[in-house]
Amino acid sequence: MLGTLITDVTHALQTTPGLAIFLALTFGYGIGQIRLGPIQLGGVCGTLIAALLIGQLNIPVESGIKNVFFMLFIFALGYSGGPQFFANLNARGLQLGIFCLIEVVAVLALVLAATVVMQLDPGTAAGMMAGAATESAVVGTATDAISRLDLPAHEIIRLQGNVVTAYSITYICGLITIVIVTSQLFPLLLRINLRKEADKLWVSMGGRIETEGVSALPAVVGRAYIVEGGAGYTVSSILTKLGQQSSIIRVQRHGRQVALSPGLKLRRGDEVLVVGYRGSMIDISKMLGREMPDTTSLSVALDTYKVVLLAPAMFNQPLQTLTLPPGVHVASIQRGDATLPALPGTLMQKHDILQVYDASTGGGRKSAPQLGVIGKLLPDKLASNLGIAGVAIALGTILGSFTLKIGGIPFSAGTGGGVLVVGLILGWYHARRADLHTVNSDALSLLKDLGLAGFIAGVGLSSGPQALALIEQYGFTLPVLGVAIAVIPASISLMVGHFWLKLSPPVLLGAIAGQQCSTPALSAIQNACGNSTPLLGYTITYAISNVVLPLMGPLIVGLASSLQP
């Protein structure tokens, strides 16, 4: 009976590959949730492992299914990364971009050296690069490039399978290695206390070291005070002392609201509502008086909206230079997929999305027009214009069909590279035109996650039968190479960043995690730091590497093919 059940399940999976793909997603994301200390494989790697195991049942998956998933992923990757990629093409971005250059050159050199010495085929070489650099998108672009080689169909299938198998082995090794060296080993080599260095940088940017158990990330809050020591001071003099950190929103005297003006003198017993960053509230009681436990009579509505930073005068300027109406504060800064703390010293970049809290009017967005001098207000649109995805994929496919010969070697961006480039351009354009109906961030995240995981599952299922053969052929060689290719570029970047660029250790380590697009490494570094300062380096290098590394897929396939005997 058990044998019959297995036969029926196998037949169902072989005749319905879509069922096998989503089954791999189900088990894969369960595997990806397993955490060993700071290391977590994640859903994509877990899906690949599950697909390789299920693929032992010889489940064929049509290339068209895999291509649909991949094109959705690569579009979302380019569209979401376009604004930050182009925004980082400035002096500071190019300075930290040297880490991405180190990553690309070092990884290519190491992979090509291994290809020559070990006589690796193009598929294994590309998979090793994708895994050791922990960049899953390379699997897609390399697989697409292999499909364009002038080889028999069975050989193309074999090489594509080798991409996935080599990736799965080296990814695990590369991931574990980069997490450990960036969060544990590199701070020892630098002879620093990473938490103290992070605290020092946080304070230098205007942050406060708060008591244990309270998040150091500033958030906009409102608190009410009964005026005692602040009696006799005008509202303008209090606001001067508060700076951009907090604002007086409402004043009540004998239970009645008093018209707020810069020249209004506070009296003893006045009830004052202050709105601002949580960290700035610590010393306000010394300035005004004791805090009121009941704020019901002073409560006001906070209006929230997002503004895309477009004013050139604000680029690479600290947040404290941003002049806002009283009661209006930036709660956080979204840069790509990362959320930065809104500290006074946080440098703003082009296309940053500022999360604004407005308590000046009690709602109604009356302050929003005043923010037009710094950027454009993001509309509250839940629906997405998926026609943009259709245009990007169509144009990208046409662009990727062109081939350029360099030194007799044919190079092509392929479907993946073409769609990525078009997605980058459209994403950048729509960041400048925030008023247009675009694809919202939640939809992009879904397309990116589902597209990549679905593609990886499809390729893993097709490659399952030959995975064991490749593992038997190379044994422990691939894991060792995965560790070496992860450590060597990171070590070079450490020396360049510390001795030449003189970067603060949290920023340097964050940049190294970003050059490998390793979110788990970033999380481990942030845990070691105790705050989010590593994001200052991570966001720049991640934005660049997330675009450049996928384009290396066709390149490594072309170069490795030219080295074949």
Side-chain angles (χ1 to χ4, degrees), residues 44 64-89 135-137 140-141 144 305-310 334-339 349-355 375-402 412-456 458 517 539 542-551 553-554:
V44 172
I65 297 177
K66 294 180 284 189
N67 288 339
V68 168
F69 279 115
F70 178 63
M71 286 189 289
L72 290 176
F73 159 70
I74 208 70
F75 158 73
L77 178 68
Y79 192 85
S80 60
Q84 287 308 313
F85 175 75
F86 288 108
N88 283 310
L89 298 181
E135 178 51 78
S136 305
T141 55
D144 180 63
Y305 36 86
K306 295 180 178 179
V307 179
V308 181
L309 185 68
L310 296 174
Q334 184 178 336
R335 186 172 297 163
D337 294 331
T339 301
Q349 289 187 6
K350 185 179 182 180
H351 294 148
D352 279 351
I353 298 178
L354 309 182
Q355 176 76 45
K376 290 186 177 180
L377 192 67
L378 276 180
D380 293 330
K381 291 181 179 177
L382 296 178
S384 292
N385 182 3
L386 293 181
I388 296 172
V391 169
I393 292 173
L395 293 178
T397 302
I398 296 172
L399 178 63
S401 65
F402 293 100
S412 171
T415 302
V419 174
L420 178 63
V421 170
V422 175
L424 283 169
I425 296 172
L426 289 179
W428 166 79
Y429 177 74
H430 283 118
R432 296 184 60 84
R433 293 292 309 276
D435 54 312
L436 295 178
H437 189 192
T438 63
V439 185
N440 69 46
S441 58
D442 291 336
L444 283 174
S445 296
L446 178 61
L447 290 177
K448 190 188 303 182
D449 294 343
L450 180 60
L452 180 58
F455 169 76
I456 290 291
C517 302
T539 54
Y542 176 84
I544 299 174
S545 283
N546 212 30
V547 172
V548 176
L549 283 176
L551 296 176

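Here the structure is a predicted model, which is why all the values come from computation and not from measurement. For this chain, numbers begin at 1 and follow the sequence in order.
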CZ on Phe75 to CG on Leu426, rounded to 0.5 Å: 7.0 Å
Ring center gap for Phe86 and His351 short of 6.0 angstrom: no
Student check: side-chain heavy atoms of Thr539 and Gln84 closer than 4.5 Å: no
Gap separating the CG atom of Leu549 from the OG atom of Ser136, nearest 0.5 angstrom: 11.0 Å
Which atom of Ala76 lies closest to which atom of Leu447, heavy atoms considered: CB-CB, 3.9 Å
Met71 side chain near Thr397 side chain, heavy-atom distance below 4.5 Å: yes
Heavy-atom donor-acceptor pair, Thr141 side chain to Pro550 backbone, under 3.5 Å: yes
Distance, nearest 0.5 Å, that separates CZ of Arg335 from OH of Tyr542: 14.5 Å
Distance in Å, Ile388 CD1 paired with Ile393 CD1, rounded so as to fall on 0.5 Å steps: 12.0 Å
Heavy-atom pair of closest approach, residues Thr438 and Tyr79: CB-OH, 3.2 Å
Contact summary for Leu309 and Gln349, nearest pair of heavy atoms: CD2-O, 3.3 Å
Residue pair Ser545 / Glu135: nearest heavy atoms and the distance that separates them: O-OE1, 4.4 Å
Heavy-atom closest contact (Lys306 atom, Gln355 atom, distance): CE-OE1, 3.1 Å
Nearest atoms (heavy-atom pairs only) where Lys66 meets Phe455: O-CD1, 3.3 Å
OG-CG distance between Ser445 and Leu450, expressed to the nearest 0.5 angstrom: 12.0 Å
Gap separating the CG atom of Leu452 from the CG atom of Leu72, nearest 0.5 angstrom: 11.5 Å
